[in-house]
Amino acid sequence: MADEGSSPMGGDCGRYCPSFHQTVELLGRRWNGVILHALMAHAERFSEIRAAIPGLSDRLLAERLRELEREGLLSRTCPVTTGAPRYVLTAKGWALQPVIDSISSWAADWSQVAD
């Protein structure tokens with residue numbers, strides 16, 4: 001049986017877990033989850049990511065991409081051949097795929113978005 005202060009998932013944070021809170025805040029920040037979802041669908045260029053997410057401004061997309069890069073979830077590269085920056089998930093970013101897939105599955109089953 002798990003200790004009262006430990007999580008059934010193996011965590012040891014008790015009632016309040018700072019690392020869980022930080023992660024939920026990062027993923028829950030407006031647009032971050034859908035940006036990660038677009039990157040997992042192989043959108044790599046700024047314009048591809050923007051096209052995949054209606055309603056997201058260029059300024060906010062640039063801000064969120066910088067934030068996700070600072071967190072180590074993606075890397076920005078500038079190929080010499082095209083000069084256009086590409087954004088690719090790092091191993092840390094790809095490790096979120098089961099989480100993003102689970103949220104997507106839950107949304108398909110339970111979320112009711114008005115058309």
Side-chain angles (χ1 to χ4, degrees):
M1 180 161 172
D3 292 339
E4 186 175 323
S6 67
S7 161
M9 300 304 282
D12 221 4
C13 293
R15 294 177 190 249
Y16 174 76
C17 181
S19 59
F20 176 82
H21 184 194
Q22 178 185 3
T23 302
V24 167
E25 288 295 317
L26 175 66
L27 294 178
R29 191 161 294 119
R30 188 162 189 197
W31 303 112
N32 280 357
V34 292
I35 291 169
L36 290 169
H37 191 264
L39 289 164
M40 288 174 185
H42 303 292
E44 292 183 341
R45 292 190 173 150
F46 190 92
S47 61
E48 293 170 340
I49 299 166
R50 185 184 59 220
I53 307 170
L56 177 56
S57 72
D58 288 356
R59 181 194 60 79
L60 196 50
L61 176 55
E63 183 180 307
R64 294 297 187 243
L65 288 170
R66 283 191 299 271
E67 176 183 29
L68 294 170
E69 184 178 18
R70 275 192 312 272
E71 291 291 332
L73 298 176
L74 62 87
S75 64
R76 179 181 185 267
T77 60
C78 290
V80 177
T81 55
T82 64
R86 291 187 178 271
Y87 299 90
V88 294
L89 291 172
T90 61
K92 183 178 178 181
W94 278 112
L96 285 168
Q97 185 164 20
V99 175
I100 299 297
D101 289 347
S102 290
I103 292 170
S104 181
S105 178
W106 184 91
D109 291 343
W110 294 98
S111 181
Q112 295 183 8
V113 177
D115 290 329

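The shown structure was predicted, so the numbers you read here are calculated from the model rather than taken from an experiment.
Taking 4.5 Å as the limit, some side-chain heavy atom of L26 sits within range of a side-chain heavy atom of L73. Residues L89 and L68 are not in side-chain contact: their nearest non-hydrogen atoms beyond the backbone lie 4.5 Å or more apart.
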For residues 49-66, run the donor-acceptor check on the side chains, cut-off 3.5 Å, and write out each pair with its distance to 0.1 Å, sequence neighbours left out.
residue, atom, partner, partner atom, Å
R50, NH1, D58, OD1, 3.0
R50, NH1, D58, OD2, 3.3
S57, OG, L60, N, 3.1
R59, NH1, E63, OE1, 3.3
R64, NE, R30, O, 2.9

Please list, one pair per line, the donor and acceptor atoms closer than 3.5 Å that link side chains of residues 97-111 to other protein atoms, with sequence neighbours excluded.
residue, atom, partner, partner atom, Å
S102, OG, P98, O, 2.9

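Note that CG of L96 is 8.5 Å distant from OG1 of T90, once rounded to the nearest 0.5 Å.
Partners of R29 according to the salt bridge (Lys or Arg N to Asp or Glu O under 4.0 Å) rule, which considers only residues two or more places apart in sequence or in another chain, are E67. Residues passing the salt bridge (Lys or Arg N to Asp or Glu O under 4.0 Å) test with R70, sequence neighbours excluded: none. Take R76 and apply the side-chain hydrogen bond (donor to acceptor under 3.5 Å, both in side chains) test, not counting sequence neighbours, and it matches Y87.
Between H42 and W94, the ring planes lie tilted relative to each other; the angle falls in the 30° to 60° range.
Pairs passing the salt bridge (Lys or Arg N to Asp or Glu O under 4.0 Å) check and including a residue from residues 38-49, sequence neighbours excluded, read E44-R86.
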